[in-house]
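Below is one structure, written out as structure tokens; the observations come after it.
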Protein chains: 4
Amino acid sequence: MRFWKSDKSGPATPERRLALTAAEAAAFIDEVFPQVRGEIRIDGLEPMAARMRLLVSDQHLRPGGTVSGPALFMAADVAFYVAVLGMIGRQPLAVTSNLNITFMRRPQPTDVIAEARILKLGRRLASGDVTLYSQGRDEPVALAQTTYALPEAKG
Amino acid sequence: MRFWKSDKSGPATPERRLALTAAEAAAFIDEVFPQVRGEIRIDGLEPMAARMRLLVSDQHLRPGGTVSGPALFMAADVAFYVAVLGMIGRQPLAVTSNLNITFMRRPQPTDVIAEARILKLGRRLASGDVTLYSQGRDEPVALAQTTYALPEAKG
Amino acid sequence: MRFWKSDKSGPATPERRLALTAAEAAAFIDEVFPQVRGEIRIDGLEPMAARMRLLVSDQHLRPGGTVSGPALFMAADVAFYVAVLGMIGRQPLAVTSNLNITFMRRPQPTDVIAEARILKLGRRLASGDVTLYSQGRDEPVALAQTTYALPEAKG
Amino acid sequence: MRFWKSDKSGPATPERRLALTAAEAAAFIDEVFPQVRGEIRIDGLEPMAARMRLLVSDQHLRPGGTVSGPALFMAADVAFYVAVLGMIGRQPLAVTSNLNITFMRRPQPTDVIAEARILKLGRRLASGDVTLYSQGRDEPVALAQTTYALPEAKG
């Protein structure tokens, strides 16, 4: 009976096709969000979902060797943006409207894996969540829920 | 590659055992939250997760026949509380600290299914999410993320 | 130095005028949200802000005499909707997109005062917050942050 | 009638005294959060409230010259932490439990002012909000609501 959610979640419309590849999304992120260049890697992109890695380095670590909250926020925000780009294509005008993040466990000083799911892709808004893990751990370090505002052009 | 999240989520500590049965949880809810008596039904309870049904009637409907936001909030809040009760037992002092809910689709005028997952059960806080569906539909009508404050006694 | 926020917050465009009166908003709420008829009272409506009262009765109380979470959610949601109606007029298609509520103090078994502020009124989204008090108390029982999706018609 | 909220909000217990000065808080932040050294400046600290400035530089800007979302998140998170430090003193173990941020306006490429208020300072949790402005503008660019978990030691 476990994982009811997984029984149902995932692509709201499985037949949807990707508007661009992971490589194209990565190139676009480099262009519109140069700050994260070299800090992230897209590990997977599919309809309504993306998996991204935060390549953790000293700049992301707090004393004691835990990944900082802003670094986790960035990973969640960018991972969801990647999932959105996958569906709507190169669109710099898709912007975060709201992001709620709950920190659950002390991250390890290792890469952070961000798994983003779009649960609703509307004409004007895209909503979903992002689960953040320390590489190799099964228990999430944080869970984010977010809504992006999409440009009319998208419709 | 789909459902990465489901590959990992679910019970943080699978070996955990339930502190009470679905029937015991239902009886306790009736006692501490009499307003919802007759409005909800626990369809499943397992370690770190619960499935609950909002038995939708006129009191939950808005003109046009959609389930009201407060009714969806109640379903999410109570479903997560049921999941927490499953782990910590009869505990009236576990209280909602925060709940964030995003409304994604117009609910049908049918029962609402709430699937709650505890992603972190700490000594003082329990956090997770609740996905809400209209019965028989695969696409969520709303997604909630919540944190409950637990009484010290629990630890 | 206190209340920096209050120095700045409030109407984003003070010159804005109300699209309807408190009485007209109340009549419209009765029409589109009949469940709350008799449960709420609009105590004030002005550009970008509304003050509403939840007329607390047994249906809102939990054992021990505290106002239930769903009742506080409803008060916050409706109060913000009233503030939005004040700006955009009779508009049933303005819907809650997201609401985040943090419960801070045990409410008294008295009326709940909800003070809603619109901090951003866009063409497609209205965002702001709602502070909830137990009547006669100075310390908030809960704080909500919310975004409403507005119908294109509004623009 | 405007600014009801400001009539009431602010220090929950006005008589409370600061546990450290703005300079002591700044020194402590440098120590526990070295990443932000040189990026922030505490402009004000008082019981239950803090005003902080994000000294915006290229690292915070997106193409087009707007401040990035992660930079705004960091400003909100650190500003609230400063307000908490003001009340509980040098306490590295106070950690963000949850932060919800709504982006309202395109920030200017200028310093960001973060105004944090603690609305509830409990034994285990501190909750409140942070309003973010572009320097010299009256309308907020973002509003955050957050809860920090406090170490038992604090009580």
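So you know, we letter chains A, B, ... as the sequences are listed, proteins then strands, and number each from 1. The basis for the numbers below is simple: all heavy atoms, side chains too, and nothing from hydrogens, waters or symmetry mates.
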### Message
Is the shortest side-chain heavy-atom distance between B/Gln145 and A/Asp129 below 4.5 Å?
### Response
no

### Query
Got a second to check how far B/Leu143's CG is from A/Asn100's CG, nearest 0.5 Å?
10.0 Å

### Task
State, to 0.1 Å, how close A/Gly128 and B/Met104 come at their nearest heavy-atom pair, and which atoms those are.
N-CE, 4.2 Å

### Task
Give the minimum heavy-atom separation between B/Leu119 and A/Arg105, together with the two atoms involved.
O-NH2, 2.8 Å

### B/Thr147, part contacting chain A, at a heavy-atom distance under 4.5 Å
side chain

